[in-house]
Structure formats: structure tokens, C-alpha cells
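Okay, so here's the structure we're looking at.
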Amino acid sequence: MPRLPSMSKRCGSPSASGRCSIALKDGRLLTRGTPDQIMQGDVLKGIFGVEMGVFAHPVTGQPIGYVQ
């Protein structure tokens, strides 16, 4: 498995400013991607095992996940 710094370099695109999010469970990588890729209902369901929704914070626009 590649080290996390090298994964983050491959994760982002120029438009994502190189930001990368990862999800780990029991020490194993579940998924990686930009914050916008991770903060999707179906991806969050795969991580947490429950139905999830996402909405934009009214001031910052950052995605916020919630249990449905």
C-alpha cells in the first residue's frame, strides 16, 4: 500500500488544489478522493453503513453530511 503522502498527490486534480480525503476502517483504506467526491450520500453510506444525505453549509458552502 502506498504511503499517505504519495496517495494525496495522486488523489487531487488541479481544480481540487491537491486536497485529498481518505476513509479508513480497521486500519484499511475504504476510499479516497477529493472532499467533493467523498461527501456524496452513496459514498458516505459505504463508509458509515447508514443512509446519509449531504447539504451545503449556508455560509461557507462546505458539504455537511447527516443521517437520514
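All residue numbers in this chain count up from 1 along the given sequence.
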Subject >> Partners passing side chain to side chain contact (heavy atoms under 4.5 Å, CB included) against A23 (at least two apart in sequence or in another chain) >> reply: L30, T31, I47

Subject >> For V59, all residues meeting side chain to side chain contact (heavy atoms under 4.5 Å, CB included), sequence neighbours excluded >> reply: H57

Original post:
Got a sec, which residues hit salt bridge (Lys or Arg N to Asp or Glu O under 4.0 Å) with K25, two or more places apart in sequence or on another chain?
Top reply: none

Provide the full list of salt bridge (Lys or Arg N to Asp or Glu O under 4.0 Å) pairs with a residue in [range], sequence neighbours left out, each pair given once.
range	result
residues 34-50	K45-E51
residues 55-68	none
residues 57-68	none
residues 55-68	none

Original post:
What residue pairs, at least two apart or across chains, pass ring pair (Phe, Tyr, Trp, His ring centres under 6.0 Å) with a residue in residues 23-52?
Top reply: none

**OP:** Please go through Y66's hydrophobic cluster and name the other residues, only I, L, V, M, F, W, Y counting, with side-chain heavy atoms under 4.5 Å joining them.
**Re:** F55, I64

Between [X] and [Y], which heavy-atom pair has the shortest distance, and what is it?
X	Y	result
L44	G65	CD1-CA, 4.3 Å
G61	A56	O-CB, 3.8 Å
V54	P63	CG1-CB, 3.7 Å

Original post:
Could you state the interatomic distance from CD (Q37) to CZ (R32), rounded to the nearest 0.5 Å?
Top reply: 10.0 Å

